[in-house]
Protein chains: 2
Amino acid sequence: MNPTGASAAERLMAAGRRLTAQRIIVADALLRSRRTVTAQELFERLRRRHPFLGRATVFRTLDMLVDAGLARRFERAGQAGAYVACEPNHHHHLVCRCCGASTEIDDEEVAVLVEAVRARHGFVLDHDALDFRGLCRRCETARPAG
Amino acid sequence: MNPTGASAAERLMAAGRRLTAQRIIVADALLRSRRTVTAQELFERLRRRHPFLGRATVFRTLDMLVDAGLARRFERAGQAGAYVACEPNHHHHLVCRCCGASTEIDDEEVAVLVEAVRARHGFVLDHDALDFRGLCRRCETARPAG
DNA sequence: GTGGTTGCAAAGGTTTTGCATGTGC
DNA sequence: GCACATGCAAAACCTTTGCAACCAC
């Protein structure tokens, strides 16, 4: 998913981050992935072509991307954290717990929910608490029992 | 929060789980906590009075409680998983990222959101994806910059 | 009695860190 | 040139597991 067409390097620069070969490699790989990936997956996938890439750098870069708003990290019980690239003006994600597919949504109902919770409970929802796990249509159809 | 007044032992029994001293101790401590607690916190807190309690047992018991629907576990980036007790007929939680306070909610807007996402994207949200992190009124007031 | 439960310690997996080296700006 | 980024390996951290002893039902 790369609707704006901005390259990884362009995004890093736009975010005011220092450009390095490693960062471009990691950000680019993340950008090209339609599904969530773990730091380890990315590390193993990239080290083939880029043997000089260190594991810690992958973790640090992903962390930096999340900090810059260019990626988001999902926590999964008992599993490694999963990362997805964010569009600069993105809203929320739907992430399939089965296949890892990620869809960006911008539904009014989310905003309605945020306002309702604030009004009723005085509770301000975190922006990134509104990324949702579930089953995508394909996986739901393939295995209705979940 | 213990509105139904059911004791830990009663809940375990009602859930068809085997009663042991350790399980009652852990479930009771979780039930008495208004805030989320980690397995390690619970272990350290309880070992003072119950030196015979093992760390693995705390993990296993919390896991069992989640499985039985009597507790829920929240994943937190870079931190240990945090547990809260659930009311048997509870719906969703609001968990403060600052103080860990947990509130149970049953808002129509959540159901509206679930339906909208299903209708528009064919995506079925996980029930426990609808536990929300954010800032409670008290913490929001205390530190508006959050 | 039997199968589930426990405690311990060790292993497993993920992520972070220290430090010397390298490099973008 | 200087501050920041990197690689490596070790450490830290959370959680799970193997196994013998134990206990609820």
Side-chain angles (χ1 to χ4, degrees), chain A residues 8-30 36-68 70-83, chain B residues 8-30 36-68 70-83:
Chain A
E10 285 166 343
R11 289 172 192 227
L12 284 169
M13 227 177 318
R17 303 289 168 154
R18 191 173 286 196
L19 280 184
T20 70
Q22 290 88 336
R23 287 180 168 191
I24 293 172
I25 290 164
V26 172
D28 187 64
L30 187 63
T36 57
V37 285
T38 66
Q40 184 68 25
E41 278 167 8
L42 231 35
F43 172 61
E44 284 168 8
R45 184 184 307 175
L46 295 174
R47 81 189 315 188
R48 294 182 215 146
R49 287 177 167 282
H50 310 284
F52 57 83
L53 187 64
R55 189 203 322 275
T57 299
V58 175
F59 274 95
R60 283 188 281 228
T61 299
L62 289 170
D63 220 41
M64 180 274 292
L65 291 173
V66 169
D67 190 58
L70 300 176
R72 185 140 312 165
R73 176 185 160 120
F74 293 86
E75 303 301 326
R76 302 177 301 173
Q79 293 173 77
Y83 296 82
Chain B
E10 286 166 344
R11 288 172 193 227
L12 284 169
M13 227 176 320
R17 304 289 168 154
R18 192 172 286 199
L19 279 185
T20 69
Q22 290 89 335
R23 287 179 168 194
I24 293 172
I25 290 165
V26 171
D28 187 64
L30 186 64
T36 58
V37 285
T38 66
Q40 184 68 25
E41 277 168 6
L42 229 36
F43 172 60
E44 284 167 7
R45 185 184 306 175
L46 293 175
R47 81 188 316 188
R48 294 182 216 147
R49 287 178 166 282
H50 310 285
F52 57 85
L53 187 63
R55 188 201 324 274
T57 299
V58 175
F59 275 94
R60 284 188 281 227
T61 299
L62 288 169
D63 220 42
M64 180 274 293
L65 290 173
V66 169
D67 190 59
L70 300 176
R72 184 142 311 167
R73 177 186 159 121
F74 294 85
E75 303 302 325
R76 302 176 300 172
Q79 293 172 77
Y83 295 82

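By convention in this document, chain letters (A, B, ...) are assigned in the order of the sequence lines, proteins followed by strands, and residues within each chain are numbered from 1.
Rounded to an integer number of Å, the gap from F59(A) CZ to dC13(D) P is 16 Å. Note: CZ (R18(B)) to P (dG3(C)) measures 10 Å, nearest angstrom. Between L62(A) atom CG and dT6(D) atom P the separation is 11 Å, expressed in whole Å. Between the CD atom of E75(B) and the P atom of dT14(C) there is a distance of 14 Å, given to the nearest Å. Put simply, CD1 on I25(B) is 10 Å from P on dT6(C), counting in whole angstrom units.
Distances were taken from every side-chain heavy atom of L53(B) (C-beta onward) to each of dC25(C), dG7(C), dG7(D); the shortest belongs to dG7(C). Distances were taken from every side-chain heavy atom of R73(A) (C-beta onward) to each of dT15(C), dT15(D), dA9(C); the shortest belongs to dT15(C). The listed nucleotides are dC25(C), dT15(C), dT6(C); the one nearest the side chain of R55(A) is dT15(C). Looking at the side chain of A80(A), the nearest of the listed nucleotides dT15(C), dT5(C), dA3(D) is dT15(C). Distance from the side chain of T61(B) is smallest for dT6(C) among the nucleotides dT6(C), dG24(C), dT17(D).
The residue among R17(B) and G81(B) whose nearest nucleotide of DNA chain D lies closer to the 5′ end is G81(B). When each of V58(A) and Q79(B) is assigned the nucleotide of DNA chain D bearing its nearest heavy atom, the one mapping closer to the 5' terminus is V58(A). Between G78(B) and F52(B), the one whose closest nucleotide on DNA chain C sits nearer the 5' end is F52(B).
OP1 or OP2 of dA5(D) has not a single side-chain nitrogen or oxygen of T57(A) nearer than 4.0 Å. One finds a side-chain N or O of Q22(B) lying less than 4.0 angstrom from the OP1 or OP2 phosphate oxygen of dG7(C).
Residue contacts for R23(B): at a heavy-atom cut-off of 4.0 Å it reaches the sugar-phosphate backbone alone, with no base atom in range.
Judged by atom type and distance alone, R60(B) reaches the base of dG7(C) through a side-chain donor-acceptor pair under 3.5 Å.
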